[in-house]
Amino acid sequence: MIALDDLIARFGEKELIERSNKGYGDSMDAAVIQRAIADAEAEAQSYVRLAGLGKLLAPSAALLGFVCDIARYRLYDDAVHEVIEERYKRAIEWLKEAAKHPQMLDDALNDASAGETAARYVGCAVMPNAPPQWADLG
């Protein structure tokens, strides 16, 4: 669902080095980051299953962003900052809401529903009223 590059793009290489090596090195510990990614994806996948979806065809950009926030939270297991914790809580709230509305999770569902709606409501018909019947007042 997400990759190391997604985390680097969102949070920066420096932060990932600091969080994965706990300040003891100048390179990322790929195993630590992959574990955080796997844990975040598993947590998100539990909500996807709750929504009754199997495999997502096109995970929404919002979902991917929230999975990145969860992975980041997992990297801060020993010293979570308030902003990171708030983003994690917001991600979980969004996932709970998305479990009720599966179209939030998968862009392919949004495209399909839009197509069905468009096909269902294409065109219009204009039906004229019958001409008025005037009484002969004459």
Side-chain angles (χ1 to χ4, degrees):
M1 191 178 300
I2 64 169
L4 174 60
D5 289 342
D6 296 317
L7 296 178
I8 291 172
R10 290 174 189 275
F11 310 122
E13 194 171 340
K14 181 180 177 193
E15 181 177 343
L16 295 175
I17 289 170
E18 290 172 358
R19 296 316 308 158
S20 65
N21 269 331
K22 307 297 183 204
Y24 298 115
D26 58 355
S27 63
M28 286 182 242
D29 185 334
V32 170
I33 295 172
Q34 287 305 322
R35 187 171 45 249
I37 289 172
D39 290 346
E41 288 178 346
E43 191 166 358
Q45 191 63 36
S46 68
Y47 290 96
V48 171
R49 283 191 301 275
L50 188 61
L53 300 176
K55 184 171 174 64
L56 297 177
L57 298 176
S60 69
L63 173 61
L64 297 178
F66 286 127
V67 173
C68 287
D69 286 339
I70 295 170
R72 184 184 194 195
Y73 176 82
R74 299 280 184 175
L75 288 170
Y76 278 82
D77 59 348
D78 60 343
V80 177
H81 295 284
E82 186 176 322
V83 171
I84 294 167
E85 185 170 15
E86 182 58 38
R87 288 177 74 160
Y88 171 77
K89 288 177 180 178
R90 188 175 26 190
I92 297 304
E93 288 303 314
W94 186 88
L95 285 166
K96 287 178 181 177
E97 190 63 27
K100 297 174 192 171
H101 307 284
Q103 67 274 15
M104 293 170 61
L105 295 165
D106 194 329
D107 282 342
L109 290 175
N110 289 330
D111 293 342
S113 339
E116 289 172 13
T117 302
R120 202 175 320 143
Y121 297 109
V122 169
C124 66
V126 177
M127 304 296 288
N129 291 332
Q133 301 293 325
W134 300 102
D136 187 11
L137 299 175

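Counting begins at 1 with the first residue of the sequence.
Annotation for Pro102 and Ala51: closest pair CG-O, 3.7 Å, computed over non-hydrogen atoms. Here the closest heavy-atom approach between residue Ile92 and residue Ile70 is recorded as CD1-CD1, 4.1 Å. The heavy-atom pair separating Ala71 from Ala40 by the smallest distance is N-CB, 3.4 Å.
A 4.5 Å side-chain heavy-atom check between Glu82 and Glu86 finds every atom pair outside the cut-off. Looking at Glu43 and Tyr88, their side chains come closer than 4.5 Å, going by heavy atoms from C-beta outward. The shortest side-chain heavy-atom distance between Gln45 and Met1 falls under the 4.5 Å cut-off. Within the 4.5 Å cutoff, the side chain of Leu4 has heavy atoms near those of the Met28 side chain. Considering only heavy atoms from C-beta on, Asp69 stays 4.5 Å or farther from Trp94 through its side chain.
No donor-acceptor distance shorter than 3.5 angstrom exists from the side chain of Asp106 to the backbone of Leu56, with no hydrogens or angles considered. The backbone N or O of Ala3 lies less than 3.5 Å from a partner atom in the side chain of Asp6, making a donor-acceptor pair. Side-chain atoms of Glu41 do not come within 3.5 Å of backbone N or O of Val67 as any donor-acceptor pair.
Annotation: the span from Ile33 atom CD1 to Ser20 atom OG amounts to 4.0 Å, rounded to 0.5 Å. For the atom pair Lys89 NZ and Ile84 CD1, the distance stands at 13.0 Å (nearest 0.5 Å). Atoms CG and CG, from Leu63 and Asp107 in turn, are 9.5 Å apart once rounded to the nearest 0.5 Å. With values rounded to the nearest 0.5 angstrom, Leu16 atom CG is found 6.0 Å from Ile8 atom CD1.
Between the side chains of Glu97 and His101, a donor-acceptor pair is found at a separation under 3.5 Å. Between Glu15 and Tyr76, the side chains place a donor N or O and an acceptor N or O closer than 3.5 Å (distance only, hydrogens not considered).
A salt bridge is defined here as a Lys NZ or Arg NE, NH1 or NH2 lying under 4.0 Å from an Asp or Glu carboxylate O, and Glu93 with Lys96 meets this definition. No salt bridge links Arg35 with Asp29; every basic N to acidic carboxylate O contact stays at or beyond 4.0 Å.
Crowding of Asp26 atom CG: a count of heavy atoms from other residues, nucleotides or ligands under 6.0 Å not exceeding 12.
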